[in-house]
Amino acid sequence: MRDVFALLAPASPEVAVSPWRLTWRRFKAQRLGYWSLWVFGALFALSLLAPVLCNDKPLLVRYGGHWYLPLLRDYPEITFGGDFLTPTDYLDPLIRGRLSEDGNFAIFPPVPYRYDTINYYATQANPAPPSAENWLGTDDRGRDVLARLIYGFRASVLFALALTVTGSLLGILMGAVQGYFAGVVDLTMQRFMEVWGAMPELYLLIIFSSMFSPSFVMLLVLLSLFGWLGLTDYVRAEFLRNRQMDYVRAARALGASHWQIIWRHILPNSMTPVITFLPFRMSGAILALTSLDFLGLGVPPPTPSLGEMLAQAKANLDAWWISISVFVCLVLTLLLLTFIGEALRSAVDPRHGAR
């Protein structure tokens, strides 16, 4: 009779939902990781709006009864009462005075400086401490620290996303081929990975930096060539385990091709380590770019970079605002990604997920 009542009882809410929704519920139950994801997403979204938030050009100008959009088009100085045909310097006190006359106005961004803007009209020597004009001060070249921090954070996250995607795709491909075919294919690729992993990555970066002009593309390619090694072992282990399952044997008996079995059946059930390691791989990519820029092997100046700002802080120890700003930005970014990764690890493992 007890078995009959068990059959008639309604199904559990966890049984009625899909595995991905159940994983998302477990992730939301990890409050620290869930809110870290929201905070990190909000910060990244704001950094994507860096040209609107931090720029030395006004967002909108009304002068002489006409409207102008300096963000979309360059206007000569004579347009606003200047004397030259050169592009307008909107930080010039003369231009600012013309734009503030009766009937004229200009709407500037919250931070009226770009990452490469040098304020030639500053009243303090550089590097200048935080003030109402420069909220986080300036570096030794007169550039606004807050503007460079926002642009540098955006560049670091975009680079980390690109490196994580390319490295994960290569790692999944290599691990899937090794784990599914096994045998001679697995042994051959394992020997290749041992040789490839023993190559000195830093020396190669130094050599290529001396031969070619450093850029985001070159760094992305070089780091991607080695970034897939760590993930391949986990994907290979998942494929070696899942290739012996009954559903794989049934698909093979029904005549499915190797790539159909890999793509439709084994890969969806082997994504746990890939999803779990994504935030940690992003953290490693951000640290790698920061380290290379600090050593002078990263992106060329004046590209905004957290590593270059660390080098500025090292060269100007008395300018404490530079080191503190970069330190807080790096620590906050890495902490948020770590909390997200820990929450993902608990969410994909039902034994640690909260209901």
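- Counting non-hydrogen atoms of neighbouring residues, nucleotides and ligands closer than 6.0 angstrom, the CZ atom of Arg31 exceeds 12 such neighbours.
- Side-chain atoms of Gln124 and Asn134 include no donor-acceptor pair closer than 3.5 Å.
- Looking at heavy atoms from C-beta onward, Phe153 lies out of side-chain contact with Leu332 at the 4.5 angstrom threshold.
- Ring geometry for Tyr247 against His265 counts as tilted: the plane angle lies between 30° and 60°, on a 0 to 90° scale.
- In terms of modelled atom types and a separation under 3.5 Å, the side chain of Trp321 and the main chain of Asp139 share no donor-acceptor contact.
- A donor-acceptor pair under 3.5 Å is absent between the side-chain atoms of Ser156 and the main chain of Ile286, judged by distance alone.
- Taking hydrophobic clusters as Ile, Leu, Val, Met, Phe, Trp and Tyr residues chained together by side-chain heavy-atom distances below 4.5 Å, Val299 shares a cluster with Leu161.
- Contact detail for Ala176 and Val235: the closest heavy-atom pair is N-CG1, 3.9 Å.
- Side-chain contact between Pro51 and Arg154 is present, with heavy atoms from C-beta onward closer than 4.5 Å.
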Item to complete: Please test Asp144 against Thr117 for side chain to side chain contact (heavy atoms under 4.5 Å, CB included), starting from the C-alpha separation and ending with a verdict.
Response: CA-CA 7 Å; Asp144 188 76; Thr117 301; over 6 Å; no

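- For the pair Tyr151 (side chain) and Cys54 (backbone), a donor-acceptor distance under 3.5 Å is present.
- With salt bridges taken as basic N to acidic carboxylate O contacts below 4.0 Å, one links Arg143 and Glu308.
- Distance CD1/Ile340 to CD/Glu342: 11.5 Å, rounded to 0.5 Å.
- Counting only distance, with no hydrogens or angles, the side chain of Ser305 and the backbone of Gly307 share a donor-acceptor pair below 3.5 Å.
- Contact annotation: the side chain of Pro127 approaches that of Asp140 to within less than 4.5 Å [non-hydrogen atoms, C-beta and beyond].
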Practice prompt. Mind running side chain to side chain contact (heavy atoms under 4.5 Å, CB included) on Asp186 and Phe239 for me, showing each step along the way?
Written response: CA-CA 11 Å; Asp186 186 21; Phe239 268 75; over 6 Å; no

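- Applying the 6.0 Å contact sphere to CZ of Arg191 captures more than 12 heavy atoms from other residues, nucleotides or ligands.
- The backbone N or O of Val165 sits nowhere less than 3.5 Å from a side-chain atom of Ser168 that would complete a donor-acceptor pair.
- In this structure, Ser224 contributes its side chain and Gly167 its backbone to no donor-acceptor pair below 3.5 Å.
- Residues Ala106 and Val61 approach most closely at CB-CG2, 3.9 Å, considering heavy atoms.
- There is no path of hydrophobic side-chain contacts, each under 4.5 Å, that joins Leu46 to Val326.
- One hydrophobic cluster, built from ILVMFWY side chains closer than 4.5 Å, cannot hold both Leu53 and Leu72; they sit in different ones.
- With rounding to the nearest 0.5 angstrom, the CZ atom of Arg26 is 12.5 Å from the CG atom of Leu344.
- The cluster map of Ile, Leu, Val, Met, Phe, Trp and Tyr, joined by side-chain heavy atoms under 4.5 Å apart, puts Leu223 and Tyr203 in the same cluster.
- Panel note: side chain Arg236, backbone Gly179; no donor-acceptor pair is recorded below 3.5 Å.
- When every heavy atom of Tyr121 is checked against every heavy atom of Leu91, the shortest pair comes out as CD1-O, 3.5 Å.
- Side chain of Arg62 to main chain of Phe105: no donor-acceptor pair is present (N/O by atom type, distance under 3.5 Å, no hydrogens or angles).
- Residues Pro279 and Thr276 share a closest heavy-atom pair of CD-O, 3.6 Å.
- No donor-acceptor distance shorter than 3.5 angstrom exists from the side chain of Arg252 to the backbone of Ile261, with no hydrogens or angles considered.
- Note that CG of Leu204 is 9.0 Å distant from CG of Leu225, once rounded to the nearest 0.5 Å.
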Worksheet entry | Working for side chain to side chain contact (heavy atoms under 4.5 Å, CB included), residues Tyr234 and Val274 | CA-CA 8 Å; Tyr234 296 96; Val274 178; over 6 Å; no

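- When only modelled atom types and interatomic distance are considered, Gln178 and Gln190 share a side-chain donor-acceptor pair under 3.5 Å.
- In this structure the side chain of Leu330 reaches within 4.5 angstrom of the side chain of Leu310, judged on heavy atoms.
- What you find for Arg114 and Asp116 is that their closest heavy atoms are NH2-OD2, 2.9 Å.
- Pairing each heavy atom of Tyr63 with each of Tyr68, the nearest pair is O-CE1, 3.7 Å.
- Trp228 places a side-chain heavy atom less than 4.5 Å from the side chain of Met193.
- With rounding to the nearest 0.5 angstrom, the OG1 atom of Thr79 is 9.0 Å from the CG atom of Leu85.
- Taking hydrophobic clusters as Ile, Leu, Val, Met, Phe, Trp and Tyr residues chained together by side-chain heavy-atom distances below 4.5 Å, Ile324 does not share a cluster with Leu317.
- Side-chain atoms of Ile266 and Val248, non-hydrogen and from C-beta on, do get closer than 4.5 Å to each other.
- Between the Ser47 side chain and the Phe44 main chain, a donor and an acceptor come within less than 3.5 Å of each other.
- A 4.5 Å side-chain heavy-atom check between Leu306 and Thr333 finds every atom pair outside the cut-off.
- In this structure, the side chains of Leu169 and Leu173 stay at 4.5 Å or more apart for every pair of heavy atoms.
- Taken to the nearest 0.5 Å, the CG atom of Leu220 stands 11.5 Å off from the CG atom of Leu158.
- In this pair, Trp24 and Tyr34 present their aromatic rings perpendicular. The plane angle is above 60°, beyond the 30 to 60° band.
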Discussion item. One pair to check against side chain to side chain contact (heavy atoms under 4.5 Å, CB included): Leu60 and Leu69. What are the steps and the verdict?
Written reply: CA-CA 5 Å; Leu60 182 65; Leu69 295 174; 3.5 Å; yes

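- From Asn119, atom CG reaches atom OH of Tyr113 across 4.0 Å, with rounding to the nearest 0.5 Å.
- The aromatic rings of Phe277 and Phe280 lie perpendicular to each other, with more than 60° between the two planes, well past the 30° mark.
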